[in-house]
Peer 1: 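Okay, handing you the structure first.
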Amino acid sequence: MHMHWHKKSLVDKKSLLAVLFLSVLLIGIFIGQSWSTSSTTVSPTNIVLNDKVNSSLNVTSIYLNQTWWNDNNRTDAIANPVGPYSFLIYTEGTNYFGKNGTDEQICWSSTNASSIIGTAIGNATGKGPVVLADGTYICDSNITLLSSTTLCGTSKQGTILKVKDGTASNFALLTAVGTSGSHIHDVYVHDLTLDGNNASVASNYVSGIYGNYVDNITVEACKFLNFNAAGMWFYTASGLMIDRNFFSGINLMVSAGDPDAAIHLTYTTNSTVTENQIFGCKRRGIDVCTGVYTVTISDNIIGYCSEYGISMRAFDCTVMGNTIYGCTIAGILLDQWTNNTVVNSNVCYQNVQNGIYCYYAFSNSISNNVITENGNEGIYFWGANSFNNIVGNTFRGNAYNGLRFYNCANNTVTSNYFMENSQATTNSYSDIFLYSASNMTIQGNTFSVGSKANKVQYAINVNSATCTGEIIRYNIFQGGCATANTYFALIPRKSVVMTGNIGYNPLGYIANPLYVASGDANSTIVDSGNNATWISARTYTNWGSPKLLVISGGTVTAIAFDGQTLFTSDTNCTFVLQPADTFSVTYSIAPTITVFGQ
C-alpha cells in the first residue's frame with residue numbers, strides 16, 4: 001500500500017475548466033427539465049394485480065415497460081448527493097485520492113482503493129458522508145463500515161466498487177462487524193454498484209455486504225452484480241432497511257448450507273426489505289432463515305432464481321405485494337417452523353414448479369394472492385402443515401392442482417377463487433386436492449368455468465382413505481370440470497360433512513346434487529334433489545345437514561334406517577335423516593327417491 005498525506009489543495013487550470021464545464025452542464029440540465037414534461041414513476045403498489053377475470057395477466061406487460069422497472073430511469077431522491085461531506089474519494093487512473101470536506105484539501109492518495117476508503121470511513125464517524133465520485137474502485141479486501149457513518153456514490157451507475165482480478169481470499173466488499181456487547185449501528189450505504197467480478201475470482205466466496213451484531217443499517221439504491229456468495233448477509237441484526245437495490249448473478253458457486261441468496265438474513269428482527277429487484281440468482285432471491293421475526297418483505301420483484309424467490313423460516317413476519325416469477329421450485333417457500341406469518345397480495349406467476357410451497361408450516365395466513373400459470377401446483381402443502389388460513393386467493397391456469405394438501409391437518413380454505421387449473425392435462429387434476437389430510441374446512445370458495453380447453457377433473461378431490469373430518473360447505477360451483485357438473489370425488493365418504501354447497505351449470509339450476517359412485521359400498525348424500533342412479537341395497541350416509549327423504553313407487557322389498565329394517569313392502573314413505581344417519585332401499589324396480597334440504 002502506498003498512501004501519502006497532502007497539505008495543500010491541488011487546484012490547477014484543468015480543475016477550473018472541469019468546474020466550469022460542470023456548471024454549464026448543470027444549468028443546461030435545469031433548463032431542459034424546466035421545459036420537459038414531468039413523468040410519473042410507477043411502483044408495484046399502484047398496479048392492480050389481483051385480476052380474477054382477465055386471462056392475459058402477464059408480468060412482462062405489467063412491469064417491464066414501466067419507468068419503475070428501468071434502472072436507468074430511476075428518480076431516487078437520494079441520487080447524485082450534494083451538500084456537505086466529510087471526505088470525497090475520487091480516482092485518476094490507478095490512483096485514488098481523498099479530499100477533506102472541510103477545507104477541500106487533498107489529504108490522502110493511494111493505489112489501494114480498499115485502504116483509502118477504509119481510512120476515510122475511520123475518520124468520518126459522526127462527521128458526514130464519505131462520498132465516492134464516479135469511477136471504478138478496484139478492491140482486494142473488505143472495507144470496514146463503522147457506527148454513525150455514511151458511504152455513498154455520486155451515481156449508482158457510475159460509482160463502482162469492483163473486486164480485483166485474481167483475488168485469492170474469501171471476503172465481503174463491505175463489512176460491519178460488532179460484538180455481542182457493542183453493535184455497529186446507524187450505517188447508511190447508498191448509490192453504489194458492487195461488482196463481485198465472478199469471472200476472475202471464480203474459486204473464492206465473495207459477498208457484497210456482510211454484517212454481524214448490527215443495528216439500524218440502511219442499504220438502498222445500490223447494484224449488486226456477479227457475486228459468488230450472497231449479495232448481502234446480515235447475522236444478528238435489527239432495524240435493517242434494505243430497499244430499492246438491484247441484484248443480478250448472485251451466489252454463483254454456493255452449495256447447500258452456505259449463505260445462498262441475494263439477501264440473506266439470520267437472527268434478524270424488526271427489519272424491512274422492500275422494492276428490490278432480484279434476477280438470476282443461483283439459489284434464492286431473499287432467504288429469511290433461523291431466528292428471524294418481525295421482518296417485512298414487500299413490493300420486491302424477483303425472477304428466475306434456481307430455487308425460490310422468497311424463502312422463509314421465520315415467525316411473525318409479513319410477505320406482501322411481491323411479484324415472483326420464473327423460479328424453479330417455488331415463488332415463495334414457507335419452510336419448517338414458519339408460523340404466524342402473513343403472506344398477502346403477492347403475485348406468483350409462471351414459476352417452473354409451484355407458486356407457493358409450504359413445508360411443515362403452521363398458523364400462517366395466506367391471503368389475497370394471485371397464483372397463476374405455475375408449472376405444477378398453485379400452492380402445495382407438503383408435510384405436517386396445520387392451522388393455516390388460505391383466504392381470498394386467486395388460483396388460475398396452474399398446470400396441476402390449484403391447491404394441494406398432502407399429510408396435513410386443521411387448515412382452512414375460505415373465499416378463494418378457482419378457474420382453469422389442470423392445464424397440463426385435461427381431466428387429470430383438481431382445483432383442490434386432498435391426500436391423507438384431516439379436519440380440513442373448505443368453505444365459501446368459488447369454482448368457475450373458463451374459456452380454456454383443458455378442464456379440472458373435480459373441483460374438490462378428497463383422494464385417500466386417511467382423509468377424515470373434512471367440512472365442505474357453502475361453496476359455489478359454476479362449472480369448469482371435464483365431466484359436466486361432476487364437482488366432487490369423495491373417498492372415503494365417512495367423516496366428510498357436506499352442507500350448503502350450490503352447484504350451478506351454465507343455465508343456473510342445481511345439478512347432480514347426489515354423488516353415487518358405482519362399486520362403493522357406502523355413498524354420501526351431498527345436497528338436495530333427485531338422482532337416477534340409486535343402487536339397490538346400497539347404504540347411503542347423510543354427512544350434511546338434516547334432510548327429508550321421500551320414497552315412492554317402484555317395487556320395494558326393504559327400507560333400512562340406521563341399519564334397522566323399517567319397511568319390507570311399502571313403496572311410499574317419508575322420514576328425516578339427521579347428520580350421520582344412514583338408509584338403504586332394496587328393490588327390484590327402482591322407486592322415485594327425493595331428498596329435500598341441504
Side-chain angles (χ1 to χ4, degrees), residues 51-59 324-332 347-359 369-382 390 393-408 413 416-437 440 442 445-467 470 472 475-491 503-506 511-512 515 517-520:
D51 181 358
K52 298 180 180 181
V53 178
N54 183 1
S55 62
S56 63
L57 179 66
N58 186 294
V59 169
I324 309 105
Y325 64 97
C327 297
T328 300
I329 300 178
I332 298 173
V347 175
C348 294
Y349 171 83
Q350 285 189 355
N351 294 288
V352 178
Q353 295 183 28
N354 309 298
I356 299 177
Y357 181 62
C358 301
Y359 179 78
N369 302 285
V370 175
I371 314 296
T372 181
E373 298 183 18
N374 296 288
N376 288 1
E377 319 291 348
I379 300 181
Y380 189 5
F381 286 85
W382 194 97
I390 301 94
N393 303 283
T394 296
F395 298 83
R396 184 171 187 174
N398 297 290
Y400 294 176
N401 304 285
L403 177 58
R404 179 174 180 171
F405 293 93
Y406 177 83
N407 199 28
C408 303
V413 181
N416 299 282
Y417 183 90
F418 296 85
M419 178 186 282
E420 296 176 338
N421 297 297
S422 190
Q423 287 306 302
T425 309
T426 193
N427 198 28
S428 295
Y429 303 97
S430 299
D431 286 322
I432 299 176
F433 183 93
L434 307 182
Y435 188 92
S436 191
M440 308 286 286
I442 302 172
N445 303 284
T446 299
F447 301 85
S448 184
V449 66
S451 60
K452 295 185 178 180
N454 287 353
K455 308 293 183 183
V456 294
Q457 185 178 21
Y458 303 105
I460 302 173
N461 188 347
V462 184
N463 194 257
S464 72
T466 53
C467 289
E470 326 296 5
I472 302 174
N475 299 287
I476 298 175
F477 302 94
Q478 298 175 329
C481 298
T483 301
N485 304 314
T486 305
Y487 298 124
F488 305 105
L490 302 171
I491 306 170
Y504 287 101
N505 68 8
N512 280 4
Y515 185 88
S518 61
D520 189 355

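In this text the structure is predicted, and so the values were computed from the model without any measurement. Sequence positions, counted from 1, serve as the residue numbers for this chain.
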Peer 1: When rounded to the nearest 0.5 angstrom, what is the spacing between CD in Q350 and OH in Y325?
Peer 2: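 It is 10.0 Å, given to the nearest 0.5 Å.
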
Peer 1: side-chain contact (heavy atoms from CB on, under 4.5 Å), that's the test. Do I332 and N369 meet it? Break it down for me.
Peer 2: CA-CA 11 Å; I332 298 173; N369 302 285; 5.6 Å; no

Peer 1: Run through V347, I356, L403 and flag the one making a side-chain contact (heavy atoms from CB on, under 4.5 Å) with I371.
Peer 2: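 Of V347, I356, L403, side-chain contact (heavy atoms from CB on, under 4.5 Å) with I371 is met by I356 alone.
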
Peer 1: As an exercise, state the distance from CG of N398 to CD of Q423, rounded to the nearest 0.5 Å.
Peer 2: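 With rounding to 0.5 Å, CG (N398) is 9.0 Å from CD (Q423).
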
Peer 1: Are any side-chain N or O atoms of T372 and backbone N or O atoms of G397, one a donor and one an acceptor, separated by less than 3.5 Å?
Peer 2: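 Flag not set: sc T372 to bb G397 has no pair under 3.5 Å.
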
Peer 1: Quick one: CD1 on I390 to CD1 on I379, what's the gap to the nearest 0.5 Å?
Peer 2: 7.0 Å

Peer 1: Going by side chain to side chain contact (heavy atoms under 4.5 Å, CB included), name the residues that satisfy it together with N407, two or more places apart in sequence or in a different chain.
Peer 2: S436

Peer 1: Contact between Q478 and T446 at the side-chain level, heavy atoms closer than 4.5 Å - yes or no?
Peer 2: yes

Peer 1: Return the CD1 to CG distance between I329 and N354, rounded to the nearest 0.5 Å.
Peer 2: 9.0 Å

Peer 1: How close do L434 and C467 get, heavy atom to heavy atom, and via which atoms?
Peer 2: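 For L434 versus C467, the nearest heavy atoms are O-SG, 3.9 Å.
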
Peer 1: What are the two closest heavy atoms between K455 and K452, and how far apart are they?
Peer 2: NZ-O, 3.0 Å

Peer 1: Could you pull out all residues at least two apart from N351 that satisfy side chain to side chain donor-acceptor pair (under 3.5 Å)?
Peer 2: N374

Peer 1: Y359: which residues meet the side chain to side chain contact (heavy atoms under 4.5 Å, CB included) condition with it, sequence neighbours left out?
Peer 2: D335, Q336, Y357, W382

Peer 1: Run the ring pair (Phe, Tyr, Trp, His ring centres under 6.0 Å) test against F395 and tell me which residues pass, sequence neighbours left out.
Peer 2: F418

Peer 1: Which distance, rounded to the nearest 0.5 Å, do you find between the CE of M440 and the CZ of F381?
Peer 2: 7.5 Å

Peer 1: For a quick test of reading the model, state the closest non-hydrogen atom pair linking V352 to T328 and the distance between them.
Peer 2: CB-O, 3.4 Å

Peer 1: Using a 3.5 Å distance criterion without hydrogens, assess whether the side chain of S422 forms a donor-acceptor pair with backbone atoms of Y429.
Peer 2: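 Here the side-chain-to-backbone pair exists.
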
Peer 1: Among N421, N475, N416, I476, find the residue that satisfies the side-chain contact (heavy atoms from CB on, under 4.5 Å) test when tested with F447.
Peer 2: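 That would be N475.
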
Peer 1: Tell me every residue that passes side chain to side chain donor-acceptor pair (under 3.5 Å) with N401, counting only those two or more places apart in sequence or in another chain.
Peer 2: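 Residues passing side chain to side chain donor-acceptor pair (under 3.5 Å) with N401: E377.
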
Peer 1: Could you state the interatomic distance from CG (N445) to CG (D431), rounded to the nearest 0.5 Å?
Peer 2: 9.5 Å

Peer 1: Identify the heavy atoms of C481 and A459 that sit nearest to each other, and give their distance.
Peer 2: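 Heavy atoms of C481 and A459 come nearest at SG-N, 3.7 Å.
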
Peer 1: Of the options N461, V462, N463, which is the one that meets Y435 in a side-chain contact (heavy atoms from CB on, under 4.5 Å)?
Peer 2: N463

Peer 1: For Y349, does its backbone N or O pair with a side-chain atom of E373 as donor and acceptor, under 3.5 Å?
Peer 2: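 Answer holds: no.
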
Peer 1: Give the minimum heavy-atom separation between C348 and G355, together with the two atoms involved.
Peer 2: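 Of all heavy-atom pairs spanning C348 and G355, the closest is SG-O, 3.5 Å.
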
Peer 1: Is there side-chain contact between F433 and Y406, with at least one heavy-atom pair below 4.5 Å?
Peer 2: no

